[in-house]
Protein chains: 2
Amino acid sequence: MRIGELSRETGVSVASIKYYLREGLLPAGELTSPNQARYGDAHVRRLRLIRALIDVGGLSVAGTRDVLAAVDTEDVPLHHVLGRTQAALMGEVAGDGAKRSSTRTSVTEDETADRAAKLLDAVVARHGWRVGADNPGRRAAIEVLATSERLGSEVLSTLLETYVEMLEPLAAAEVGNVVARGGREDVVEGAVVGTVLGAGLIAALRTMAHESASTALATGPAEAPPGG
Amino acid sequence: MRIGELSRETGVSVASIKYYLREGLLPAGELTSPNQARYGDAHVRRLRLIRALIDVGGLSVAGTRDVLAAVDTEDVPLHHVLGRTQAALMGEVAGDGAKRSSTRTSVTEDETADRAAKLLDAVVARHGWRVGADNPGRRAAIEVLATSERLGSEVLSTLLETYVEMLEPLAAAEVGNVVARGGREDVVEGAVVGTVLGAGLIAALRTMAHESASTALATGPAEAPPGG
């Protein structure tokens with residue numbers, strides 16, 4: 001297909017496609033004349049992935065290039081590609097990460113954060129989670145738990161165990177669903193959409209579930225749903 | 001206690017305390033001389049709640065005043081106070097909400113959003129959730145599901161049922177924990193901290209759980225944790 005058709009097929013503007021070609025994110029098409037190139041399904045898949053990384057994930061061009069390089073290097077196990085994608089989404093990739101380094105150091109320098117880290121690591125270890133010490137979510141969780149303690153609130157530390165118990169099957173379902181897509185590009189695209197939009201969906205559903213739970217407490221339990 | 005002691009006790013600056021007094025968020029202390037007032041435990045509790053609403057929840061002074069009015073009107077059932085707090089946190093309170101009204105209308109005007117709403121309502125009804133049509137999370141969930149469909153991704157619609165199943169006990173645990181705090185001010189303070197910081201903690205733990213689940217898929221299941 002020509003560039004105009006590629007644009008219609010993917011919903012990405014011709015100007016953006018040309019930009020991705022110049023930046024080397026999208027491989028060149030097959031030249032059919034000095035001024036015209038032909039594109040195929042591989043370009044459609046790659047454009048969908050680029051759009052997920054940049055538009056949904058908010059990655060920079062440098063961060064996107066890093067993830068694509070991992071996708072394209074067949075030696076890199078899919079598991080590591082997903083890890084690199086996750087790090088990029090949390091702004092930990094070279095070029096995006098520099099501005100966060102001060103926050104990162106502060107975590108280890110604070111007594112409250114130290115206690116939060118110990119609490120978190122103990123709960124996670126008890127549940128057999130296999131998570132590296134540099135997982136970007138671990139740092140974020142420590143920050144939140146420390147903030148909560150500084151506010152004098154014990155709500156989150158009380159609920160931590162419950163959260164860990166309930167997020168384990170949820171994350172397993174998510175990873176299983178995404179990995180089942182097969183192709184490396186499709187898996188990474190699904191991981192980006194699932195991670196970013198999934199976080200928004202979970203937050204929104206949690207707000208609905210709070211209203212439902214509060215209603216049940218105030219007015220007594222609902223009738224059992226059919227089949228439930 | 002004097003205003004300086006109230007400041008030390010709560011970690012809120014004297015300037016902020018004076019501002020809250022002027023804005024009527026914090027009731028005046030008992031005058032002990034024309035220029036001096038004495039404050040008590042009620043002021044400490046109220047300041048903690050104000051700080052949660054403004055600093056953690058990001059509410060405006062108007063939004064804070066609205067929630068405090070509901071807290072102070074004993075006729076308003078706690079369940080409704082929590083609903084109003086939730087709406088304020090989602091920016092739906094008068095004064096904060098105006099700028100969102102265009103987003104809100106767009107939801108109903110779009111065919112994709114219409115399909116997303118039907119899907120969401122069907123899943124939620126099947127699980128017996130009792131949620132008003134104007135729940136702010138419902139609108140947000142519809143937006144996310146519609147965005148996901150526009151991207152051509154079916155990851156989230158596939159996972160929706162799983163999310164609903166897993167968030168139900170999680171939200172029930174959260175609401176139960178917060179309501180058990182007893183006093184209306186403490187309950188609302190816990191709801192704000194739990195809602196806002198809890199969302200951050202859940203997102204962070206989900207990132208950790210993804211790494212753990214991906215590791216398990218790549219390397220086989222871990223040994224069962226002790227007692228698990």
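In what follows, every heavy atom counts, from backbone to side chain, and hydrogens, waters and symmetry copies are set aside. Per chain, numbering begins at 1; letters A, B, ... match sequence-line order.
The greatest number of non-hydrogen atom pairs below 4.5 Å with chain A, out of Ala173(B), Gly198(B), Ala140(B), is found for Gly198(B). Highest contact tally toward chain A, considering only Ala52(B), Ala199(B), Ala172(B), is held by Ala199(B) [criterion: heavy-atom pairs under 4.5 Å]. For chain A, the option among Arg181(B), Glu189(B), Glu165(B), His80(B) with the highest count of heavy-atom pairs below 4.5 Å is Arg181(B). Heavy-atom pairs under 4.5 Å with chain A peak, among Ala218(B), Ala213(B), Ser212(B), at Ser212(B). In terms of heavy-atom pairs under 4.5 Å with chain A, the best-connected choice from Thr195(B), Thr162(B), Val131(B) is Val131(B). Chain A forms more heavy-atom pairs under 4.5 Å with one residue of Asp55(B), Val178(B), Thr207(B) than with any other, namely Thr207(B).
At least one donor-acceptor pair under 3.5 Å links the side chain of Glu211(A) to the backbone N or O of Gly132(B).
Residues satisfying the salt bridge (charged side-chain N to carboxylate O under 4.0 Å, His left out) test with Asp186(A), not counting sequence neighbours, are none. With sequence neighbours left out, the salt bridge (charged side-chain N to carboxylate O under 4.0 Å, His left out) criterion links Glu161(A) to Arg126(A). Every side chain to side chain donor-acceptor pair (under 3.5 Å) that Glu174(A) has, sequence neighbours left out, goes to Tyr163(B), Arg206(B), His210(B).
Interface residue Ser214(B): backbone and side-chain heavy atoms are both found under 4.5 Å from chain A. Interface remark: Ala203(A) contributes no atoms to any contact with chain B (heavy atom separation under 4.5 Å). Only the side chain of Leu82(A) comes within less than 4.5 Å of a heavy atom of chain B; its backbone N, CA, C and O stay farther away. With a 4.5 angstrom heavy-atom cutoff, Asn135(B) touches chain A via backbone and side-chain atoms both. Residue Leu78(A): no heavy atom, backbone or side chain, is found under 4.5 Å from chain B.
For the residue pair Ala141(A) and Leu201(B), the shortest heavy atom distance occurs at CB-CD1, 3.8 Å. Of all non-hydrogen atoms in Leu167(B) and Ile202(A), the two that sit nearest each other are CD1-O, 3.7 Å. Closest approach of Thr215(A) and Arg130(B) over heavy atoms only: OG1-O, 3.9 Å. Closest heavy-atom contact between Ala171(B) and Ala209(A): CB-CB, 3.3 Å.
Counting heavy atoms from C-beta on, the side chains of Leu145(B) and Leu197(A) never come closer than 4.5 Å.
Between the CE atom in Met208(A) and the CD atom in Gln86(B) there is a gap of 10.0 Å [rounded to 0.5 Å].
Contact residues of residues 147-160 of chain A toward chain B are Thr147(A), Ser148(A), Arg150(A), Leu151(A), Gly152(A), Ser153(A), Glu154(A), Val155(A), Leu156(A), Thr158(A), Leu159(A), Leu160(A) (heavy-atom distance under 4.5 Å).
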